[in-house]
A.B. asks: 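Input: one structure, supplied below.
Everything numeric here is computed off the predicted structure, so don't read it as measured data. Convention: sequence-line order gives letters A, B, ...; per-chain numbering from 1. Excluded from the calculations below are hydrogen atoms, water molecules and symmetry mates; all remaining heavy atoms, backbone and side chain alike, are included.
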Amino acid sequence: MKLFLIILDLDDALKLFDEMTQRQPLPSVVQFNQLLQAVTKMKHYSCSIDLFKQMNVLRVPVDVYTVNIVIKCCCQMHHTNEGFAVLSYGFKRAVFPDVYTFSTLLNGLILEDRFLIAERLFKKLIKEELCEPNAIMYSTMIKGLCKFGNNDTAISLLKLMDEKGCKPNVVTYSTIIDSLCKEKMVDDALKLFKEMVFHKGILPNVVTYTSLIHGLCNLCRWDEVDKILKEMEEQRISPNVHTFSILVGSLCKEGKVKDAKGVFNLMIQKGNVPNVVIYNSLIDGYCLRGEMSIYFMKLKIEEAMHLFHEITKKGMKPDVITYSIMIQGLFRVGRCKVAEELFYEMRAHSLNPDEITYGIVLEGLCNNNQVEKALSLFYLMGDNKLNSNIIVYNILIDGASKNGKFDIVRNLFNELTVKGLPPDVWTYNTMISGFFREGVMGEAKELFFEMEKRGCSPNDVTYRVLLQGFLKNQQHDMVEMLLLEMKGRGFSVDATTVSMLLDHIKARSLDASLLKLIGKLVPKEGVDAHCFTV
DNA sequence: ATAGGGTTAG
């Protein structure tokens with residue numbers, strides 16, 4: 001009997017477990033493993049661990065499969081140390097780990113960002129010949145290297161495993177290809193893709209193609225996206241909901257919501273079942289403010305709302321992200337009441353808002369002249385996690401500043417020191433622009449000199465804020481110094497600031513000799529600056 | 001062991 005055929009939900013599994021434990025004699029370990037596997041597949045990790053504990057009480061024998069499943073559950077819950085405890089429990093009962101056990105543990109360490117420990121374990125396994133690494137283990141280590149930005153080493157390890165006679169497979173390659181795409185190194189990814197296909201004869205799958213499509217979409221290389229989609233068709237590899245949701249998301253970011261909806265419909269027409277993720281992408285598209293009037297924004301919010309309700313109608317549940325997107329959209333068109341209602345509704349459905357949701361709500365309130373409400377929400381509802389998030393602080397500081405509550409701005413900024421939460425470049429920029437708004441240029445200048453000392457380098461926005469602030473306040477003595485610093489740091493100056501500078505030169509409040517320097521800071525026309533920032 | 005969604009400044 002195949003257990004997974006009769007277990008439909010957690011309830012079934014638990015009932016079956018009870019029934020199994022009462023049988024005389026007890027069912028075999030294989031059947032218990034199947035049950036644990038089923039519970040784990042449903043992502044009820046802590047439940048699997050509980051069942052495992054009960055098995056021990058009942059003296060159901062366990063084998064390496066049992067141990068592997070339970071270790072996996074520990075790791076998925078980010079409790080890898082408990083996974084190691086299960087490993088030593090196994091040793092005590094003469095259940096010895098295999099390559100799968102160690103791969104799972106390595107994966108858990110990487111999941112918890114403990115790559116150095118993973119690396120040490122991996123080397124130890126090889127050196128002491130505790131197990132022969134297979135493609136899964138190598139791929140796991142390669143994933144870790146990629147995760148910590150070490151694509152080059154990942155590629156070296158790929159070569160090394162091949163030399164050692166362990167053949168990389170489509171997963172190994174896809175891992176690196178995806179990582180390269182995420183770092184915008186799509187050409188390197190395409191090179192590796194060709195190596196995989198033409199030199200190693202490994203066939204790409206939908207995951208490989210989806211990663212490439214993602215990378216190309218991010219760089220707006222649409223022709224090549226088309227080419228990949230055609231190639232997939234030739235290879236008879238159908239795009240799935242993942243692939244489509246990347247296409248939908250990218251079209252939305254381009255402001256082409258109608259096209260995105262078209263792709264969404266096409267996907268359904270092709271027999272794919274939409275999930276919450278792709279709904280969220282599309283709803284976000286309808287909520288984004290493009291270059292349109294508030295009238296059209298309100299119309300689009302209606303469509304977003306319609307899609308939002310469609311999720312429930314189709315038997316799915318909106319998640320924290322769905323609610324966050326909807327709330328943000330509603331605040332943007334000034335429908336605060338409905339936004340707040342949704343904020344309460346999500347909690348009524350036991351969806352816990354995270355720091356991003358809070359940030360959205362706080363920003364929405366601030367932008368709609370409700371700073372006090374935002375602050376009381378922040379102090380009354382915010383837990384440790386929310387109130388230790390620098391972005392949330394930045395939002396509040398900016399909101400208070402724009403609403404003329406500068407005493408609150410100072411309070412919030414000082415609170416960061418008390419909490420030991422380091423301000424980031426956004427915080428400094430927000431504060432500096434707040435000082436200008438308040439007309440206290442001395443403090444703006446002071447904070448600018450201070451930020452570098454406190455380990456936060458200014459960025460191009462900092463210089464923009466400073467230049468525009470000084471120009472508006474007829475303070476010209478800092479301008480040349482700022483422009484020179486920008487040149488030194490390789491920043492360019494934006495159109496608005498340039499035109500302000502030129503106005504001041506025309507009015508002779510700035511010396512014309514600055515023109516040469518300004519000319520060097522203007523990005524060359526027709527060249528996409530993004531090509532160079534990668 | 002590999003792929004998808006939501007936050008801030010000008």
A.B. asks: Would you tell me if any nitrogen or oxygen in the side chain of A:Tyr209 comes within less than 4.0 Å of OP1 or OP2 on B:dT2?
C.D. replies: no
A.B. asks: Kindly say whether, by distance alone, the side chain of A:Thr175 makes a donor-acceptor pair under 3.5 Å with the base of B:dT2?
C.D. replies: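 Donor-acceptor pair under 3.5 Å: no.
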A.B. asks: When only distance counts, do a donor and an acceptor, one from the side chain of A:Asp424 and one from the base of B:dA9, lie under 3.5 Å apart?
C.D. replies: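 It does not, because no donor-acceptor pair links the side chain of A:Asp424 to the base of B:dA9 below 3.5 Å.
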A.B. asks: If you compare every side-chain N and O of A:Lys143 against the phosphate oxygens of B:dA1 (OP1, OP2), does one of them come in below 4.0 Å?
C.D. replies: no
A.B. asks: Ignoring backbone atoms, establish whether A:Lys182 has a side-chain N or O less than 4.0 Å from OP1 or OP2 of B:dG4.
C.D. replies: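 Answer is yes, contact under 4.0 Å.
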A.B. asks: Looking only at the side chain of A:Ile246 (C-beta and beyond, no hydrogens), which of the listed nucleotides B:dG4, B:dG6, B:dA3 gets closest?
C.D. replies: B:dG4
A.B. asks: Can you list, pair by pair, the side-chain donor-acceptor contacts under 3.5 Å of residues 255-268 of chain A, counting residues two or more places apart and other chains?
C.D. replies:
residue  : atom : partner  : partner atom : Å
A:Asn265 : ND2  : A:Lys261 : O            : 3.4

A.B. asks: Within this structure, what is the CG-to-P distance between A:Asn403 and B:dA9, rounded to whole angstrom?
C.D. replies: 14 Å
A.B. asks: Ring of A:Tyr173 versus six-membered ring of B:dT2: centres under 5.5 Å and planes under 30°?
C.D. replies: no
A.B. asks: In whole angstrom, what separates A:Phe378's CZ from B:dT8's C1'?
C.D. replies: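 Distance, rounded to whole Å: 14 Å.
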A.B. asks: Roughly how many Å is it from CE in A:Met346 to C1' in B:dG6, rounded to a whole number?
C.D. replies: 10 Å
A.B. asks: Would you mind classifying the nucleic acid contact of A:Phe436 as base, sugar-phosphate or nothing, using non-hydrogen atoms under 4.0 angstrom?
C.D. replies: nothing
A.B. asks: Which nucleotide in the set B:dT7, B:dG4, B:dT8 lies at the smallest distance from any side-chain heavy atom of A:His242?
C.D. replies: B:dG4
A.B. asks: Determine the contact category for A:Val276: base if any of its heavy atoms lies under 4.0 Å from a base atom, sugar-phosphate if only primed atoms, P, OP1 or OP2 are that close, otherwise nothing.
C.D. replies: base
A.B. asks: Which of these nucleotides, B:dA1, B:dA3, B:dA9, is closest to any side-chain atom of A:Thr430?
C.D. replies: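 Among B:dA1, B:dA3, B:dA9, the one nearest the side chain of A:Thr430 is B:dA9.
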A.B. asks: Identify whether any heavy atom of A:Ser103 sits under 4.0 Å from a base atom; if not, whether one sits that close to sugar-phosphate; answer base, sugar-phosphate or nothing.
C.D. replies: nothing
A.B. asks: Taking N and O atoms by type only, does the side chain of A:Asn205 place a donor or acceptor under 3.5 Å from a partner on the base of B:dA3?
C.D. replies: no
A.B. asks: Could one point to a donor on the side chain of A:Thr357 or the base of B:dG6 with an acceptor on the other under 3.5 Å away?
C.D. replies: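 Indeed there is one.
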A.B. asks: Which listed nucleotide (B:dA1, B:dA3, B:dG4) is nearest to the side chain of A:Ser211?
C.D. replies: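 Closest of the options to the side chain of A:Ser211: B:dA3.
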A.B. asks: Out of B:dT7, B:dA9, B:dA1, which has the shortest distance to the side chain of A:Lys72?
C.D. replies: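 So the nucleotide nearest the side chain must be B:dA1.
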A.B. asks: So A:Asn275, base contact, sugar-phosphate only, or nothing? Heavy-atom distance under 4.0 Å.
C.D. replies: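 Here A:Asn275 touches the bases of the nucleic acid.
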A.B. asks: Which one, B:dT7, B:dG4, B:dA1, comes nearest to the side chain of A:Ile136?
C.D. replies: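 The nucleotide sitting nearest to the side chain is B:dA1.
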A.B. asks: So, does the side chain of A:Asn134 form a donor-acceptor pair with the base of B:dA1 at under 3.5 Å?
C.D. replies: no
A.B. asks: Go through the N and O atoms of the side chain of A:Asn240 and the base of B:dG4, and report whether any donor-acceptor pair is under 3.5 Å.
C.D. replies: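 Such a pair does not exist between side chain and base.
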A.B. asks: What I'd like to find out is whether the side chain of A:Phe193 reaches to under 4.5 Å of the side chain of A:Thr208, using heavy atoms alone.
C.D. replies: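 SC-SC contact between A:Phe193 and A:Thr208 confirmed.
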A.B. asks: Give A:Val320 one of three labels, base, sugar-phosphate or nothing, depending on what nucleic acid heavy atoms sit under 4.0 Å from its own.
C.D. replies: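 Base contact - A:Val320 has a heavy atom under 4.0 Å of at least one base atom.
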A.B. asks: In whole Å, what is the span from the NZ atom of A:Lys253 to the C1' atom of B:dG6?
C.D. replies: 10 Å
A.B. asks: Of the options B:dA3, B:dG4, B:dG6, whose atoms approach the side-chain atoms of A:Asp354 most closely?
C.D. replies: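 Ranking B:dA3, B:dG4, B:dG6 by closest atom to the A:Asp354 side chain puts B:dG6 first.
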A.B. asks: Distance check needed: B:dA1 P versus A:Leu111 CG, whole Å only.
C.D. replies: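 Result: 11 Å.
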A.B. asks: Give the nucleotide from the list B:dG6, B:dA9, B:dA1 with an atom nearest to the side chain of A:Ile356.
C.D. replies: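 In terms of side-chain proximity for A:Ile356, the closest of B:dG6, B:dA9, B:dA1 is B:dG6.
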A.B. asks: Would you call A:Glu119 and A:Lys123 a salt bridge, taking side-chain N to carboxylate O under 4.0 Å as the test?
C.D. replies: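 Salt bridge between A:Glu119 and A:Lys123, a charged N being under 4.0 Å from a carboxylate O: yes.
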A.B. asks: Are the ring centres of A:Tyr138 and A:Phe122 closer than 6.0 Å?
C.D. replies: yes
A.B. asks: Just the rounded figure in Å: distance from C1' of B:dA3 to CG of A:Asn218.
C.D. replies: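 These atoms are roughly 13 Å apart.
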A.B. asks: Report the nucleotide, chosen from B:dT7, B:dA1, B:dA3, that has the shortest atom-to-atom distance to any side-chain atom of A:Ile391.
C.D. replies: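 It is B:dT7.
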A.B. asks: Fit a plane to each ring of A:Tyr323 and A:Phe308, take the angle between them on a 0 to 90° scale, and name the class: parallel (under 30°), tilted (30 to 60°) or perpendicular (over 60°).
C.D. replies: perpendicular
A.B. asks: Over all strands shown, is A:Asn459 touching base, sugar-phosphate only, or nothing at heavy-atom distances under 4.0 angstrom?
C.D. replies: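 Base contact - A:Asn459 has a heavy atom under 4.0 Å of at least one base atom.
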A.B. asks: Report the distance from atom CD1 of A:Ile390 to atom C1' of B:dA9, rounded to the nearest whole Å.
C.D. replies: 12 Å
A.B. asks: Is the shortest side-chain N to carboxylate O distance from A:Asp398 to A:Lys402 below 4.0 Å?
C.D. replies: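 Looking at A:Asp398 and A:Lys402, the cut-off is met.
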A.B. asks: Return the value, rounded to whole Å, for the distance between atom CE of A:Met267 and atom P of B:dG4.
C.D. replies: 17 Å
A.B. asks: Stepwise, does the side chain to side chain contact (heavy atoms under 4.5 Å, CB included) test hold for A:Thr40 with A:Gln76?
C.D. replies: CA-CA 10 Å; A:Thr40 306; A:Gln76 291 296 326; over 6 Å; no
A.B. asks: Taking the six-membered ring for Trp, are the ring centroids of A:Phe436 and A:Phe470 within less than 6.0 Å of each other?
C.D. replies: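 Ring centroids of A:Phe436 and A:Phe470 are less than 6.0 Å from each other.
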A.B. asks: What's the closest nucleotide to the A:Val206 side chain, out of B:dG4, B:dT7, B:dA3?
C.D. replies: B:dA3
A.B. asks: Over all strands shown, is A:Asn429 touching base, sugar-phosphate only, or nothing at heavy-atom distances under 4.0 angstrom?
C.D. replies: base
